[in-house]
Amino acid sequence: MFQYRTEQMKALFKQWQLQSMVIPGIIWMFIFCYIPMFWLIIAFMDYSIAKPLLESPFVGLKHFQDFLTDERFWRSIRNTLGMSSIKLFLGFPIPILFALLLNEIRSLRFKRTVQTISYLPHFIAWTIFGGIALNWLGEGGVINQLMMAIGLQEREILFNSDPKYFWWITFFTDTLKETGWSAIIYIAAISGIDPGLYEAAELDGANRRQRMWHITIQSIRPTIAILFILAVSGILGSNFEQIFMLKNNMNMRMAESLDLYIYNMGLVSGRHSFSTAVLFARSIVALGLLFLANHTSKKLTGDSIF
C-alpha cells in the first residue's frame with residue numbers, strides 16, 4: 001500500500017503542470033460553495049441585515065416550524081414535484097433516445113450538423129429563449145396557428161395564461177432547449193464502445209435494433225444510472241430562470257416552484273432566515289434522495305456513484 005501511494009505521488013509531481021490546472025476550480029469551489037455554508041446558521045436565528053450576524057437572536061427551529069405550516073410552501077412542493085416528475089420520467093429518456101438515433105446516422109457530416117444544431121439552443125439565455133417561447137405560445141403565435149391548421153383547436157388559446165398548461169410548457173421548452181446538450185455525454189459514452197462488438201454481433205445475425213439494445217444501451221448503462229441518480233437527487237430543484245421567465249400572475253398558482261418560493265421569501269419579502277431554513281431543509285432532503293437513489297440503483301443494476 002505504501003509503495004502504491006509513493007508511486008502515485010511520483011506520478012502527481014511529474015504531472016504538476018497538468019495537476020495545477022485544477023487549482024482555480026478548487027479555489028472557486030471553496031469561495032462560492034464552502035465559505036457560504038457558514039451562513040446557514042441564520043436559519044436558526046432571527047437575522048436582520050441591519051445587525052451584525054452574531055448579534056441576531058437564536059430562535060432554534062422556529063423558521064422550520066413556520067414553513068412546515070405554510071400552505072404556500074406545500075403548494076410550491078406540489079408544483080416542484082409535478083414539474084420535476086414530468087421532466088424526470090418523460091424528459092430523462094429523450095436525450096438517450098436522441099443519442100441512440102444520432103449514433104445510427106452513417107453520414108458523418110450530417111451527424112455533426114444535426115448535433116451542432118441540437119445543442120445550440122442551450123447557449124441561448126432563458127431571458128431570450130423564454131421570450132421566444134412566450135411569443136410562440138401567445139395569441140397569434142406559431143403554436144396556435146399550427147394547432148388550428150391541423151384541426152386540433154378551433155380558436156386561439158392563451159396557453160401561458162392558463163395554469164393547467166404551465167407544467168407541460170416547462171417540460172416542452174426545457175426539452176427543446178436542453179435535449180441536444182444533455183445528449184452529449186451519452187454520445188461521448190457511445191463513442192467509447194469497441195466497434196468490434198458491433199462487427200461480431202452483425203456476423204452473428206443481429207439486426208440494428210438488437211445491436212442497439214444488447215450492445216449500445218448495455219455499454220452506456222453505467223452512465224445512464226449515474227445521471228438518473230443525480231436527477232432523482234435534484235427532484236426538489238427546478239430551473240429557476242425558466243420558471244421566472246414564464247410565470248405571470250395568472251399562472252402563479254401552478255408556477256411557483258420551491259426555488260421561486262425561496263426567492264420570493266428571501267429577496268422579495270426580506271425574510272432571509274426563513275428562506276435559508278427552507279433551503280437548508282431542501283438540501284438535507286436532496287442528500288437523502290441521493291443516498292436512496294444510489295442504494296436502489298446498486299441493488300437493482302449494480303451501477304452506482306459510490
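Source: prediction; values computed, not measured.
- I190 and W213 end up in the same hydrophobic cluster when Ile, Leu, Val, Met, Phe, Trp and Tyr side chains are linked at under 4.5 Å.
- Donor-acceptor pairing under 3.5 Å is recorded for the side chains of D70 and Y261.
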R221/D303 under salt bridge (charged side-chain N to carboxylate O under 4.0 Å, His left out): CA gap, chis, key distance, verdict: CA-CA 8 Å; R221 191 183 66 182; D303 300 315; 3.0 Å; yes
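- Here the options are Q153, E139, E156, the test is side chain to side chain donor-acceptor pair (under 3.5 Å), and the partner is N144; only Q153 passes.
- Both tests hold for K247 against F244: distance to the six-membered ring centre under 6.0 Å, angle to the ring axis within 45°.
- Ring planes of W181 and F123: perpendicular class, angle over 60° (limits at 30 and 60°).
- Under 3.5 Å, the side chains of S56 and D46 contain no donor-acceptor pair of N or O atoms.
- Ring to ring, F166 and F159 are not that close: their centroids are 6.0 angstrom or more apart.
- Taking the ring axis of W126 as reference, the NZ or CZ atom of K177 stays within 45° of it and closer than 6.0 Å to the ring centre.
- In this structure, H63 and M45 approach most closely via the heavy-atom pair NE2-O, 2.9 Å.
- Ring geometry for W168 versus F172: interplanar angle of 30 to 60°, hence tilted.
- Side-chain polar atoms of T170 and Q242 form no donor-acceptor pair below 3.5 angstrom.
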